[in-house]
There are 2 protein chains.
Amino acid sequence: MASTARRPSRVAKLPPRERILDAAEELFQSEGIRRVGVQAIAERAETTKMAIYRHFETKDALVTEWLRIVAADYQAAFDRVEAEYPGRPREQILGLARFIAEGLPAISHRGCPFINSIAELPDRSHPARQVIEKHKAHQTRRLVGMCTEAGLPDPEQVAAEITFALEGAQVSTQNGSIDQAGARLMRIIEGIIDRHRSPLDASRATTD
Amino acid sequence: MASTARRPSRVAKLPPRERILDAAEELFQSEGIRRVGVQAIAERAETTKMAIYRHFETKDALVTEWLRIVAADYQAAFDRVEAEYPGRPREQILGLARFIAEGLPAISHRGCPFINSIAELPDRSHPARQVIEKHKAHQTRRLVGMCTEAGLPDPEQVAAEITFALEGAQVSTQNGSIDQAGARLMRIIEGIIDRHRSPLDASRATTD
DNA sequence: TCCGCACGATACCGATGGGTATCGTTAGGC
DNA sequence: GCCTAACGATACCCATCGGTATCGTGCGGA
């Protein structure tokens, strides 16, 4: 529950549960869910398998909790961007895109945790899948809200376009050139917004 | 090795190698690579594990061969669309997008084989990963070529935008509404092309 | 001081999975 | 009509992995 600071630094000895979640985050992100055994997580967390099973019922529960935290981080980005640009939905959307774009190098060769996890969890009834679906629905709702507030016609279409672009960027970055991906993504988002904003006045510049 | 005239005794089933590849395709696509054991593939192919290892050195080799086939299918779509609309790159791109859009329902709850496989194969030196990377590079090259031929300024940017949209659509469809995804994707692609086609002349119709 | 309890370490269990060895059988080519 | 080779089936080897049981240990609170 304690969604405290998610810092990859496990230098200082945090309580076991935090260390376990940190280790799981690093390993799941870099290696994938199924490739990482509980034993490996325990070693990285400088604890033992037993300690993990004292805090989490099963490995699946640990996976689910990890994705819950990642989802909370994303939603925090939404909150931050809304607080930073109150009443300016266009800047909010661009801020969100920037958040993703700036995160691209970090995940470069290993993509979005949600996308990867879905690939590894084909069972839709898996609790982790439900976390992902709920998060995606939440994200879509907020994005549509921003587009509506921006006065864009057909906000659902715009939100869908933005979502496609954001997720496509994260996927494509896994095996392409990372250097330009962020800049390209920003231009795409700007283009989407401006195209919908003024369909009869497309002469406005799309470059930043 | 090259004797394709094997005569099955009882049923008119395909030669073992074909059956194995068919079974692998179905299972890998629906369940994922790591979740599917060689034994399961053998049962689905109505053969045995040994037969599989007679035709493929390892499971990884089978995975690689499967992805090679999928890549060939995609490239066939490129060929088809180029043959169908010779000298009309805009229609070629839209035809390609339609190919993806129409394929969305089929992969609905289980996404693109490449994206999923990358998630399951974090090792970039894996031969299957190299197949994927080569395919993506090839696809990008052809897409950039189409954009160049269409006289679009900054064809790399357009190709990147299209790629993001196509892959994003396939990812987002996994856990969202499939019904509108195809139509939304087509509108996105049209919007991308037309926005770049004539930034100073946006009065032309965007619908086909 | 002593009790409780979370923690650490190790050994273990059952299941699964990749890969191999070996058997008999069958089909096709000369 | 034989000889080679691919095929089918079974049993097996070994590693890994999720999960459990059982030890011991240190530490804080009443």
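Here is the naming used below: chain letters follow the sequence lines, and residue numbers restart at 1 for every chain.
In this structure, B:His126 atom NE2 and C:dG18 atom C1' are separated by 13 Å, rounded to whole Å. Atom CZ of B:Phe28 is separated from atom C1' of C:dG17 by 13 Å (rounded to the nearest Å). Here the C1' atom of nucleotide C:dG19 and the NE2 atom of B:His55 are 16 Å apart, to the nearest Å. Whole-Å rounding puts the B:Glu43 CD to D:dG8 C1' distance at 14 Å. Distance, B:Ile52 CD1 to D:dT10 P: 15 Å, rounded to whole Å.
Remark: B:Arg187 pairs with A:Asp154 by the side-chain hydrogen bond (donor to acceptor under 3.5 Å, both in side chains) rule, at least two apart or across chains. With sequence neighbours excluded, no residue satisfies ring-ring contact (aromatic ring centres under 6.0 Å, His included) with B:His126. Residues forming a side-chain hydrogen bond (donor to acceptor under 3.5 Å, both in side chains) with B:Gln180 (at least two apart in sequence, or on another chain): B:Arg184.
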Summarise how protein sits on nucleotides 13-23 of chain D as a single string, 5' to 3': B when a protein heavy atom is under 4.0 Å from the base, S for sugar-phosphate-only contact, - for no contact. -----BBBB--
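Using a 4.0 Å cut-off between charged nitrogen and carboxylate oxygen, A:Asp79 and A:Arg142 count as a salt-bridge pair.
Between B:Thr48 and the phosphate of D:dA9, there is no side-chain N or O to OP1/OP2 separation shorter than 4.0 Å.
Sorted by first and then second residue, the salt bridge (Lys or Arg N to Asp or Glu O under 4.0 Å) pairs involving residues 162-173 of chain A (not counting sequence neighbours) are A:Lys136-A:Glu167. The salt bridge (Lys or Arg N to Asp or Glu O under 4.0 Å) contacts involving residues 27-37 of chain A comprise nothing, where partners must be two or more places apart or lie in separate chains.
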